[in-house]
Amino acid sequence: MKILSIESSCDETAAAVVEDGRTVLSSVIATQIDEHKLYGGVVPEIASRRHCENITGVIKEALDKAGAQLSDMDAVAVTNAPGLIGALLVGVSFAKGLAMSAGLPLVPVHHIKGHIAANYITHKELEPPYLCLVVSGGHTHIVKVESYTELETVGKTVDDAAGEAFDKAARALGFPYPGGVYIDRAAKQGDPSKYKLPIPNTQNPYDFSFSGLKTAVINLIHNARQKGEEVDVNSLAACFQQTAVTMLKNKFIAAANDLGYKKIALAGGVAANSALRSALAQAADENGMSFYVPELSLCTDNAAMIGCQGYYEYLAGNTADMSLNAFATKKLHML
Ligand code: KG4
Ligand code: ZN
């Protein structure tokens with residue numbers, strides 16, 4: 001079964017052709033990052049307009065690269081939640097038009113379920129159930145993946161998402177948007193014990209909190225500037241990253257142990273972080289767990305992951321009619 005999938009929830013216009021959920025025949029991404037960089041973050045109206053301009057070309061390229069035409073597809077899958085509403089609406093409207101014109105089933109996909117599904121593309125043997133840590137620009141969740149389509153959140157951030165914290169700390173350190181990858185690189189040259197940063201507590205042991213950590217980085221930089229002292233950017237990046245990774249790892253591994261999971265996975269844009277990948281691989285090893293993480297290119301936003309999840313949603317009968325809408329927020333367990 002071939003699915004044409006579309007992703008437009010934030011600042012990437014993406015389309016892919018995915019066969020039987022796990023084989024990517026093509027995956028095309030038009031990123032808008034360079035334009036949003038000028039403003040230090042995503043400007044929603046600009047994102048919507050760029051999606052509108054790029055979507056036709058991106059979809060055509062995805063079909064061409066797969067050596068296919070719309071008439072060869074068996075369904076159209078599209079991210080319809082959560083994300084920037086004006087951005088999502090471009091993908092959803094386009095997908096509806098395609099599905100209607102070609103008489104194809106329309107499959108709505110939850111963006112976070114898509115991020116988790118990226119693991120199925122990299123690890124052909126992976127099957128639910130397992131426990132997944134989802135860390136993206138907008139989400140930080142510990143999720144029980146009970147089946148391909150039934151997921152339950154057991155912990156989440158009470159304030160900033162992990163990626164948001166990386167991006168805000170990076171901005172304070174003078175790096176461009178999105179700063180997660182710059183922190184990752186700078187940290188490799190720094191001393192992670194040079195500065196002391198707080199690990200915030202939360203009421204629910206599986207919840208996360210990042211705003212105190214982010215503020216501590218910002219305050220440290222301001223205080224140093226006021227005293228005319230130099231900040232060792234690489235070391236502060238290393239300290240921030242180590243603190244964030246330690247919090248994510250400790251809570252996730254504790255949840256996996258408490259809930260009896262021997263299979264754990266990582267997903268979302270921050271899953272590209274080298275320190276987080278190796279910390280979780282090591283912790284899994286120490287705890288006798290098997291660990292799964294998507295290849296780097298599938299961690300950040302792409303449409304291949306939407307085509308993968310779309311396949312399992314289709315098999316579960318979760319298709320939509322032509323009244324499908326987009327939603328800025330949506331709980332993971334809702335269809
Ligand atoms: O999943 P994603 O592409 O978009 C959302 O759904 O939000 O995640 C983007 C986030 C950004 O915050 C970005 O800084 C972060 O992922 N990110 C990283 C790295 N690569 C991307 N954070 C830390 N280290 C990285 N190597
Ligand atoms: Zn994402």
Side-chain angles (χ1 to χ4, degrees), residues 5-14 16 27 29-33 36-37 40-42 44 47 78-85 87-88 91 109-119 132-141 143 156-157 160-173 175-188 190 208 210 213-214 217 237-238 240-249 266-280 293-306 308-309 328-330 332:
S5 52
I6 301 171
E7 155 64 40
S8 71
S9 67
C10 191
D11 55 357
E12 260 100 29
T13 318
S27 178
I29 303 172
T31 183
Q32 311 170 0
I33 282 179
H36 296 293
K37 234 178 212 165
V42 178
V78 63
T79 306
N80 79 317
L84 299 172
I85 192 65
L88 287 164
V109 175
H110 191 292
H111 182 76
I112 297 302
K113 286 186 180 176
H115 271 301
I116 295 170
N119 276 291
C132 189
L133 174 65
V134 186
V135 274
S136 73
H139 292 80
T140 308
H141 279 34
V143 178
K156 58 182 180 347
T157 182
D160 293 348
E164 199 181 343
F166 268 89
D167 292 346
K168 287 178 179 165
R171 188 180 182 156
L173 287 165
F175 295 119
Y177 170 84
V181 70
Y182 294 94
I183 293 210
D184 196 341
R185 279 183 212 146
K188 292 194 169 84
F208 303 96
F210 286 97
L213 176 58
K214 168 200 71 188
V217 170
F240 167 82
Q241 178 173 276
Q242 195 185 54
T243 310
V245 166
T246 303
M247 172 168 47
L248 289 165
K249 179 193 73 178
L266 179 62
V270 184
N273 184 265
S274 60
L276 182 58
R277 292 168 87 93
S278 57
L280 284 183
V293 60
E295 61 198 75
L296 278 182
S297 65
L298 291 172
C299 288
T300 43
D301 289 348
N302 65 86
M305 68 187 196
I306 302 303
C308 176
Q309 183 61 24
T329 60
K330 189 178 177 189
L332 256 182

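All ligand and atom numbering here is 1-based and tracks the order in the structure.
- Using a 30° and 60° split on the angle between ring planes, His111 and His115 fall in the perpendicular class, above 60°.
- The closest side-chain heavy-atom distance from Asp167 to Ile183 is not below 4.5 Å.
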Which pairs of nitrogen or oxygen atoms, taken one from ligand 1 and one from the protein, are under 3.5 angstrom apart?
{"unit_1": "ligand 1", "atom_1": "1 (O)", "unit_2": "His115", "atom_2": "NE2", "d": "2.9"}
{"unit_1": "ligand 1", "atom_1": "1 (O)", "unit_2": "Gly269", "atom_2": "N", "d": "3.0"}
{"unit_1": "ligand 1", "atom_1": "1 (O)", "unit_2": "Asp301", "atom_2": "OD1", "d": "3.3"}
{"unit_1": "ligand 1", "atom_1": "3 (O)", "unit_2": "Asp301", "atom_2": "N", "d": "3.1"}
{"unit_1": "ligand 1", "atom_1": "3 (O)", "unit_2": "Asp301", "atom_2": "OD1", "d": "3.3"}
{"unit_1": "ligand 1", "atom_1": "4 (O)", "unit_2": "Asp301", "atom_2": "OD1", "d": "3.3"}
{"unit_1": "ligand 1", "atom_1": "4 (O)", "unit_2": "Asp301", "atom_2": "OD2", "d": "3.3"}
{"unit_1": "ligand 1", "atom_1": "6 (O)", "unit_2": "His111", "atom_2": "NE2", "d": "3.1"}
{"unit_1": "ligand 1", "atom_1": "6 (O)", "unit_2": "Asp301", "atom_2": "OD1", "d": "3.4"}
{"unit_1": "ligand 1", "atom_1": "7 (O)", "unit_2": "Gly137", "atom_2": "N", "d": "2.7"}
{"unit_1": "ligand 1", "atom_1": "7 (O)", "unit_2": "Gly138", "atom_2": "N", "d": "3.4"}
{"unit_1": "ligand 1", "atom_1": "8 (O)", "unit_2": "Gly137", "atom_2": "N", "d": "3.4"}
{"unit_1": "ligand 1", "atom_1": "12 (O)", "unit_2": "Gly163", "atom_2": "O", "d": "3.2"}
{"unit_1": "ligand 1", "atom_1": "12 (O)", "unit_2": "Asp167", "atom_2": "OD1", "d": "3.3"}
{"unit_1": "ligand 1", "atom_1": "12 (O)", "unit_2": "Asp167", "atom_2": "OD2", "d": "2.7"}
{"unit_1": "ligand 1", "atom_1": "14 (O)", "unit_2": "Asp167", "atom_2": "OD1", "d": "2.6"}
{"unit_1": "ligand 1", "atom_1": "14 (O)", "unit_2": "Gly180", "atom_2": "N", "d": "3.1"}
{"unit_1": "ligand 1", "atom_1": "24 (N)", "unit_2": "Gly180", "atom_2": "O", "d": "3.4"}
{"unit_1": "ligand 1", "atom_1": "24 (N)", "unit_2": "Asn273", "atom_2": "ND2", "d": "3.0"}
{"unit_1": "ligand 1", "atom_1": "26 (N)", "unit_2": "Asp184", "atom_2": "OD2", "d": "2.9"}

task = Given side-chain hydrogen bond (donor to acceptor under 3.5 Å, both in side chains), test Glu12 with Asn302 step by step and report yes or no.
result = CA-CA 7 Å; Glu12 260 100 29; Asn302 65 86; over 6 Å; no

request  = Before giving the answer on side-chain contact (heavy atoms from CB on, under 4.5 Å), spell out for Leu298 and Met305 the whole-Å C-alpha distance, their side-chain angles and the decisive distance to 0.1 Å.
outcome  = CA-CA 7 Å; Leu298 291 172; Met305 68 187 196; 5.6 Å; no

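- Interatomic distance, Ile116 CD1 to Cys308 SG, rounded to the nearest 0.5 Å: 11.5 Å.
- Within the model, atoms CG of Leu84 and OG of Ser8 stand 9.5 Å from one another, a figure rounded to the nearest 0.5 Å.
- For the Zn ion (ligand 2), the tally of protein N/O/S atoms lying closer than 2.8 Å stands at 3.
- Relative ring orientation between Tyr182 and Phe175 is described as parallel, the plane-to-plane angle staying below 30° on a 0-90° scale split at 30° and 60°.
- Side-chain contact of Asp184 with Ser274: a donor-acceptor pair under 3.5 Å is present, judged by distance alone.
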request  = Under the side-chain contact (heavy atoms from CB on, under 4.5 Å) rule, what do His139 and Thr157 come out as? Steps first, then yes or no, please.
outcome  = CA-CA 7 Å; His139 292 80; Thr157 182; over 6 Å; no

